2 protein chains.
Amino acid sequence: MPTEGPKSPEDRKFVTALSRGLEVLRCFGPRDRWLANQELARRTGLAKPTISRLAYTLTRLGHLRYSETLNKYALGSAAISMGFAALGQMDVRRAARPFMQELSDYTKASVHLAVNDRLSMQVVDTYWNSASFVIDIGSRVPVATTSLGRAWVAALPPAERRRVLAAMRAARPADWPTTRRRFLQAFRDYQAHGFCFGLGDWRREINAVAAPLFLPNGGGPIVIGCSGAAFQLEPERLKRDVGPRLLALLGNVRSALARD
Amino acid sequence: MPTEGPKSPEDRKFVTALSRGLEVLRCFGPRDRWLANQELARRTGLAKPTISRLAYTLTRLGHLRYSETLNKYALGSAAISMGFAALGQMDVRRAARPFMQELSDYTKASVHLAVNDRLSMQVVDTYWNSASFVIDIGSRVPVATTSLGRAWVAALPPAERRRVLAAMRAARPADWPTTRRRFLQAFRDYQAHGFCFGLGDWRREINAVAAPLFLPNGGGPIVIGCSGAAFQLEPERLKRDVGPRLLALLGNVRSALARD
DNA sequence: GACTGCGTTTCGCGGTACGAAACGAGGTAC
DNA sequence: GTACCTCGTTTCGTACCGCGAAACGCAGTC
């Protein structure tokens with residue numbers, strides 16, 4: 001679910017202070033361990049004193065921690081706990097486990113389960129075999145250039161789809177023509193087959209296929225994909241063999257989820 | 001870091017709305033997948049309309065998701081992403097990895113890395129060998145009855161220590177006499193040896209030893225512990241052999257962290 | 001010692017978030 | 001069908017909470 005700022009001029013239900021605080025937490029990407037007050041202000045576009053108060057609150061609550069020596073903030077242990085709580089409640093992971101393992105065994109490639117986070121896909125589970133290419137758990141890959149991302153966008157309702165594409169265009173205007181073309185192709189692939197491809201445009205020599213899955217109780221789609229060395233996963237094989245097996249996998253997961 | 005509510009009569013820096021929103025998120029424990037508005041109101045002690053607005057905001061931001069059919073909320077993918085972001089930034093994990101593996105190999109028991117979350121310890125990494133008893137990653141164990149928890153409390157400065165003990169007393173008044181006695185012993189153990197024990201009082205026939213570690217840049221202590229079958233880890237061995245090795249492990253981790 | 005960069009604190013105002021009460025939507029009983 | 005639950009959302013006026021310009025404090029630098 002692509003999120004955005006407050007907007008909605010007269011949305012009395014929207015609690016600004018809470019949104020801003022969470023925005024501060026989201027500043028901490030994989031690359032940004034320690035962020036100073038000023039940097040947080042720059043990234044969020046909020047005034048310094050505001051950041052000061054929000055960060056103070058977040059620190060008291062354990063979501064941030066403060067280094068006296070650096071005068072900077074980092075994510076705290078409360079964030080970790082919340083993440084694990086959320087992970088533990090994804091029963092898709094349990095349900096999908098044997099089937100993902102099986103597909104990985106069959107293809108000798110790696111199989112991933114991912115959820116969306118803005119313009120990235122967050123890899124939540126990974127299964128692999130032999131020396132194939134591996135994206136570790138916890139990795140993030142771009143929505144724009146991976147099969148995981150394309151499958152996610154393709155599964156969105158039109159309105160949200162447009163919002164995401166607009167955000168990607170704004171984020172990387174230079175790449176937009178290519179990005180746009182690839183997405184149009186991805187939508188056609190999704191229409192025709194039910195899955196999307198990534199053929200070497202995220203990493204050279206890595207091919208992949210991915211398909212979305214809507215969970216019973218709402219929320220955005222999650223995505224399962226299979227990726228590996230290009231010489232092993234040729235486009236034709238992805239379309240004829242791996243892709244259909246991926247769809248079968250999703251079917252199995254769906255019925256496993258329905259069962260209990 | 002033990003967190004608490006707003007309080008502080010005139011704390012102008014504390015942003016109440018943000019705190020309340022995060023409090024809502026924290027209602028979702030491992031056992032509570034779907035929570036209704038009313039249940040959230042009960043747990044947080046906030047008025048229904050307030051929860052309504054906070055939950056609306058959190059849903060818009062992707063931290064919660066809403067099931068139309070159940071009329072209930074669950075944690076959303078933003079929580080997962082944040083958790084992974086926080087995990088990825090704990091370089092203690094990388095630093096400690098080989099040493100924890102080594103201790104696990106030596107003891108044939110499992111070795112855990114944990115952080116605190118209120119009255120639980122959140123297990124963040126696990127290494128094990130053979131068929132020994134395993135606490136999986138993502139598990140949570142109580143502070144009150146485990147070596148991990150005791151080591152954490154023992155490492156706290158006196159003021160925080162008192163706060164935590166008071167919270168445990170309030171949470172389980174009936175167990176307090178026992179809990180108190182065990183903690184006093186744990187503090188003596190920590191003074192004398194630098195580590196704390198858990199001898200069958202969390203799970204029968206499971207013994208464990210744990211010691212805290214303060215990270216270079218502030219924040220509460222993290223804890224590393226070793227646990228296994230009681231017949232393998234007799235108290236005497238924990239004190240003479242495993243405990244000292246645990247301290248050596250912590251020393252190694254500290255210097256590995258200082259190195260880079 | 002003046003200067004610069006950054007974080008925190010002050011403080012009065014504006015508007016936001018609060019919550020009692022009203023409203024609405026399903027569900028159940030009879 | 002009506003009356004009666006229960007639970008969630010919306011309304012709305014007020015209290016007060018969070019906002020941010022400006023002032024302050026504190027290091028480091030030249």
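On a predicted model such as this, the values are computed, not experimentally measured, just so you know. Naming convention: chains lettered A, B, ... in sequence-line order (proteins, then strands); numbering from 1 in each chain.
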**Q.** Upstream residue (5' side of DNA chain D) when B/Leu18 and B/Tyr73 are each assigned their closest nucleotide
**A.** B/Tyr73

Q: Report the distance from atom CZ of B/Arg20 to atom P of C/dA17, rounded to the nearest whole Å.
A: 12 Å

Q | Rounded distance in Å - CZ (B/Phe14) to C1' (C/dT9) | A | 18 Å

Q) Where the side chain of A/Pro49 is concerned, which of D/dG18, D/dA22, D/dT9 is the nearest nucleotide? A) D/dA22

Q) In whole Å, what is the span from the CH2 atom of A/Trp34 to the P atom of C/dG7? A) 14 Å

Q. Relative to the 5' end of DNA chain C, which residue comes earlier, A/Asn71 or A/Arg53, by the nucleotide with the nearest heavy atom?
A. A/Asn71

Q) Among C/dG7, D/dG20, C/dG19, which is the nearest nucleotide to the side chain of B/Ala47? A) C/dG19

Q) Whole Å only: how far is the NZ atom of B/Lys13 from the P atom of C/dC11? A) 15 Å

**Q.** Per B/Thr16 side chain, nearest of listed nucleotides D/dC17, C/dC6, D/dC19
**A.** D/dC17

Q.
Please determine whether a side-chain nitrogen or oxygen atom of B/Ser52 lies at a distance below 4.0 Å from atom OP1 or OP2 of D/dG8.
A. no

Q) Are the charged groups of A/Asp125 and A/Arg97 less than 4.0 angstrom apart, N to O? A) no

(Q) By nearest heavy atom, map B/Thr50 and A/Lys48 onto DNA chain C; which one lands nearer the 5' end? (A) A/Lys48

(Q) Could you check whether any side-chain N or O of A/Gln89 sits under 3.5 Å from a backbone N or O of B/Gly29, counting only pairs where one atom can act as donor and the other as acceptor? (A) yes

(Q) In whole Å, I'd like the distance from the CG atom of A/Leu46 to the P atom of D/dC19. (A) 8 Å

Q. Rounded to the nearest Å, what distance is computed from the CD atom of residue A/Glu68 to the P atom of nucleotide C/dG7?
A. 14 Å

Q. Donor-acceptor pair, B/Thr57 side chain versus B/Arg53 backbone, under 3.5 Å?
A. yes

Q. Over how many whole Å does the gap from B/Gln38 atom CD to D/dC5 atom P extend?
A. 16 Å

Q | Salt bridge present between A/Glu23 and A/Arg118 (N-O < 4.0 angstrom) | A | yes

Q. Any sub-3.5 Å donor-acceptor pair from B/Arg43's side-chain atoms to B/Cys27's backbone N or O?
A. yes

Q.
Let's see if you can work this out: which of D/dG8, C/dC18, D/dG18 has an atom nearest to the side-chain heavy atoms of A/Val15?
A. C/dC18

Q | Spacing of B/Tyr66 atom OH relative to D/dC7 atom P, expressed in whole Å | A | 14 Å

(Q) Closest approach to the side chain of A/Ala36, judged atom by atom: which nucleotide of C/dG7, D/dT9, D/dG8 is it? (A) C/dG7

